[in-house]
Amino acid sequence: MGTRSFVERHALWSDAQAAAADRLISRLDDGEFDTVRFSFPDQHGILRGKTLVAREAGRLLRSGVGFTSTMYAKDTSHRSVFSVFTPEGGLGIDGIDGMAGTANTLLVGDPITFKALPWAPRTGWLLCDAYLPDGRPVPFATRSILARAVGDLTARGWQLLTGLEVEFHVFRLVDPRLAASDAGQPGAPVEIELLTQGYQYLTELRFDTVDKLMQLLRETCEQLELPISSLEIEFGPSQFELTFAPQTAAAAADAMLLFRNAVKQVCARHGYHATFMCRPRIPNVVSSGWHLHQSLTTLPAAGREHGTNLFMPDDADSPLSPLGMHYLGGLVAHAGAATPFATPTINGYKRFRANSLAPDRACWARDNRGAMARVLGGHEDRATRIENRVGEPAANPYLYFASQIFSGLDGIDHRIDPGDSADNPYASPARALPATLFAALSELGRDAVLRERFGGAFVDYFIRLKQAEIARYESEVSEWEQREYFNLL
């Protein structure tokens with residue numbers, strides 16, 4: 001009897017995953033692919049990983065691919081925030097072990113996620129989960145955090161359905177800035193020019209001017225089996241929005257990750273630069289948001305795609321069911337503390353402005369785009385849902401979704417009242433959302449519920465990681481400071 005693989009020893013796959021692995025190995029043995037990218041979402045929702053030749057991909061599919069744990073120590077400039085060679089077991093975070101000295105972790109592919117990349121000939125792509133050598137999930141692996149949150153729902157017989165509504169920018173690339181002097185951590189930003197002048201929101205003429213790009217994005221999404229619904233011209237220059245049909249939280253998070261990377265990679269191959277940065281420093285730019293539509297349903301019966309919408313009210317006067325109102329209460333109560341997961345960059349907080357179609361306080365309202373939580377649907381509407389408008393498109397989807405589940409479940413468990421509808425959101429007496437990443441992290445650090453649900457060690461890790469970015473930001477002399485003080489003082 002042969003030695004059992006890492007996957008078999010630790011029972012990491014379901015029957016469906018094991019069957020998908022058999023099909024994938026057959027395709028690899030048939031010579032359909034030359035390489036396979038084993039990718040995992042890091043703490044920022046950025047894909048990292050290794051590319052294996054086909055024969056090695058098949059051999060290591062069940063054994064895992066060795067991967068240095070130093071990747072979990074990186075901020076958004078790819079600098080190590082933690083002292084990775086110390087004898088402590090988990091980047092110096094209490095309660096974490098098994099990662100001392102940048103020891104290897106293992107990337108184990110989820111065979112169900114396998115895709116043939118339409119823009120990279122004979123290249124496969126596999127989304128991975130990260131494990132310690134003893135079979136435990138890496139404590140900083142965000143996909144496993146969402147899996148745990150989804151498990152909390154499943155235990156109650158529920159699931160979260162989410163619809164993605166994602167804004168982003170695409171520019172024409174003028175200069176990739178590849179001179180030696182442009183390198184660094186981070187490197188110099190590329191030079192671009194606009195594809196559209198903007199300010200012609202949803203006009204067909206403006207759409208037609210970029211139809212070539214839109215069809216490229218549509219074809220890419222369809223080839224990747226992403227459930228695209230619409231392609232839209234957004235308000236600002238070179239700004240676009242794509243929406244997707246509802247999916248379960250786990251599927252939607254995987255889809256968001258694949259979508260962002262597909263857009264950036266395909267655009268780069270065609271002479272464009274795509275960015276999910278919230279507010280690029282470009283004249284006349286308009287901020288991009290990520291509006292997350294969400295509803296709880298029962299688990300679907302056999303042969304059915306979706307279960308019963310638990311947010312749909314029984315009477316015409318109620319915006320949501322009692323359970324839905326309590327879920328909404330949890331989102332409102334934990335809004336400030338959850339904001340670092342929905343808006344994790346310093347730049348993203350420049351979007352929170354009054355009268356800007358972006359929220360500035362923790363309130364809800366019926367079908368009002370100025371509120372943080374916009375309630376849509378109602379009596380006899382099976383699409384009844386909450387649209388949380390607090391997110392930026394650069395957010396790690398696994399952390400964003402998990403923060404919604406953990407907050408909403410706390411609202412249900414403690415029957416939290418969300419308060420009255422804010423029909424004038426920007427004049428509401430509701431608590432202001434954090435105005436900076438620093439303020440948001442402070443709220444997260446004080447929130448006992450999210451600390452317990454995410455795990456205290458992970459919250460400490462996340463806060464320390466983001467505080468390192470803030471420290472680098474504050475140490476830079478900005479153009480504003482130079483202009484404000486250099487001549488005057």
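Predicted model, so just to flag it, every value in this text is computed and none were measured.
- At distances below 3.5 Å, not a single donor-acceptor pair connects side-chain atoms of Ser356 with backbone N or O atoms of Phe352.
- In plain terms, the two heavy atoms of Pro359 and Arg389 that are nearest each other are CD-O, 3.3 Å.
- Between Val375 and Leu320 there is a side-chain heavy-atom pair separated by less than 4.5 Å.
- With sequence neighbours left out, the ring-ring contact (aromatic ring centres under 6.0 Å, His included) criterion links Tyr272 to no other residue.
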Step by step, would you call Ser288 with Gln239 a side-chain contact (heavy atoms from CB on, under 4.5 Å)? CA-CA 8 Å; Ser288 292; Gln239 189 180 37; 3.0 Å; yes
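- A donor-acceptor pair under 3.5 Å is formed between the side chain of Gln17 and the backbone N or O of Ser14.
- Partners of Asp410 under the side chain to side chain donor-acceptor pair (under 3.5 Å) rule, at least two apart in sequence or in another chain, are His334, His414.
- Counting heavy atoms from C-beta outward, Ile25 and Arg62 have side chains that approach closer than 4.5 Å.
- You'll find the ring centres of Phe40 and Phe67 inside the 6.0 Å limit.
- For the atom pair CG (Leu216) and SG (Cys267), the distance works out to 6.5 Å, reported to the nearest 0.5 Å.
- In terms of modelled atom types and a separation under 3.5 Å, the side chain of Lys115 and the main chain of Leu224 share a donor-acceptor contact.
- From Arg431, atom CZ reaches atom CD of Glu443 across 6.5 Å, with rounding to the nearest 0.5 Å.
- With rounding to the nearest 0.5 angstrom, the CD1 atom of Ile346 is 13.0 Å from the SG atom of Cys278.
- Sorted by first and then second residue, the pairs that involve residues 337-350 and meet side chain to side chain donor-acceptor pair (under 3.5 Å), not counting sequence neighbours, are Thr345-Glu392.
- Trp119 and Gln265 share a donor-acceptor pair across their side chains, judged by distance under 3.5 Å alone.
- Under the rule for a side chain to side chain donor-acceptor pair (under 3.5 Å), the partners of Thr243 that lie at least two apart in sequence or sit in another chain are Ser230.
- Looking at Val166, Leu231, Val210 one by one, the single match for side chain to side chain contact (heavy atoms under 4.5 Å, CB included) with Phe240 turns out to be Val210.
- Taking the side chain as every heavy atom from C-beta outward, Leu47 and Leu127 approach each other to under 4.5 Å.
- Remark: the backbone N or O of Lys74 is paired with a side-chain donor or acceptor of His44 at under 3.5 angstrom.
- Within a 6.0 Å sphere centred on CD of Gln215, other residues, nucleotides and ligands contribute more than 12 heavy atoms.
- For the pair Thr298 (side chain) and Thr308 (backbone), a donor-acceptor distance under 3.5 Å is present.
- Asp420 meets the side chain to side chain donor-acceptor pair (under 3.5 Å) test with no other residue; sequence neighbours excluded.
- In this structure, a donor-acceptor pair under 3.5 Å is absent between the side chains of Gln404 and Ser407.
- Residue Leu226 holds its CG atom at 10.5 Å from CG of Asp254, rounded to the nearest 0.5 Å.
- Asp75 has no carboxylate O lying under 4.0 Å from a charged side-chain N of Arg464, or vice versa, which leaves the two without a salt bridge.
- Residues that satisfy the ring-ring contact (aromatic ring centres under 6.0 Å, His included) test with Phe168, not counting sequence neighbours, are Phe259, Phe276.
- In terms of the side chain to side chain donor-acceptor pair (under 3.5 Å) criterion, Tyr400 has no residue partners (sequence neighbours excluded).
- Other residues, nucleotides and ligands place more than 12 heavy atoms under 6.0 Å from the CZ atom of Phe207.
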side-chain contact (heavy atoms from CB on, under 4.5 Å), that's the test. Do Lys50 and Arg37 meet it? Break it down for me. CA-CA 6 Å; Lys50 291 186 176 181; Arg37 299 179 186 177; over 6 Å; no
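- Every residue was checked against the salt bridge (Lys or Arg N to Asp or Glu O under 4.0 Å) condition with Arg79, not counting sequence neighbours, and none meets it.
- Among pairs with a residue in residues 310-320, those fulfilling side chain to side chain donor-acceptor pair (under 3.5 Å) read Asp315-Ser318, at least two apart in sequence or across chains.
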Ring pair (Phe, Tyr, Trp, His ring centres under 6.0 Å) between Phe341 and Phe462: does it pass, once the steps are laid out? CA-CA 9 Å; Phe341 299 123; Phe462 183 82; 4.9 Å; yes
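- Residues Leu328 and Ala373 share a closest heavy-atom pair of CD1-CB, 3.6 Å.
- Sorted by first and then second residue, the side chain to side chain donor-acceptor pair (under 3.5 Å) pairs with a member in residues 361-370 read Asp367-Arg374; sequence neighbours excluded.
- Checked by atom type and distance alone, the side chain of Asn309 pairs as donor or acceptor with a backbone atom of Arg382 at under 3.5 Å.
- A donor-acceptor pair is defined here as one N or O able to donate and one able to accept, closer than 3.5 Å; such a pair exists between the side chain of Ser238 and the backbone of Val170.
- Going from atom OG1 of Thr68 over to atom CG of Asn104 covers 6.5 Å, rounded to the nearest 0.5 Å.
- Listed for the Gln43 side chain is a donor-acceptor partner under 3.5 Å among the backbone atoms of Met71.
- In this structure, Tyr72 has its ring center at least 6.0 angstrom away from the ring center of Tyr461.
- Minimum heavy-atom separation, Ser39 to Trp125: OG-NE1, 3.5 Å.
- With ring centers used as reference points, Phe114 lies under 6.0 Å from Phe33.
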Test side-chain contact (heavy atoms from CB on, under 4.5 Å) on Met312 and His379 and set out the steps. CA-CA 6 Å; Met312 187 170 63; His379 183 52; 5.9 Å; no
Could you go through His169 and Val285, starting from their C-alpha distance and side-chain angles, then the distance that decides it, and tell me whether this counts as side-chain contact (heavy atoms from CB on, under 4.5 Å)? CA-CA 10 Å; His169 291 86; Val285 77; 3.6 Å; yes
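- For the atom pair CZ (Arg48) and SG (Cys128), the distance works out to 14.5 Å, reported to the nearest 0.5 Å.
- With hydrogens and angles ignored, the 3.5 Å screen pairs a side-chain donor or acceptor of Ser144 with a backbone N or O of Ala141.
- Judged by distance alone, the side chain of Arg385 and the main-chain N or O of Ala383 form a donor-acceptor pair under 3.5 Å.
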Applying side chain to side chain donor-acceptor pair (under 3.5 Å) to Gln294 and Tyr327, what does each step give before you reach the verdict? CA-CA 11 Å; Gln294 54 192 297; Tyr327 182 97; 2.7 Å; yes
Show me the donor-acceptor pairs within less than 3.5 Å that the side chains of residues 145-154 make with the rest of the protein, sequence neighbours left out.
from   : atom 1 : to     : atom 2 : distance (Å)
Arg148 : NH1    : Arg453 : O      : 2.5
Arg148 : NH2    : Phe454 : O      : 3.3
Thr154 : OG1    : Val150 : O      : 3.0

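- Of all the heavy atoms in Ala440 and Pro340, the pair that sits closest is O-CG, 3.4 Å.
- Under the ring-ring contact (aromatic ring centres under 6.0 Å, His included) criterion, His10 pairs with Phe6, sequence neighbours left out.
- Using a 4.0 Å cut-off between charged nitrogen and carboxylate oxygen, Arg451 and Asp460 count as a salt-bridge pair.
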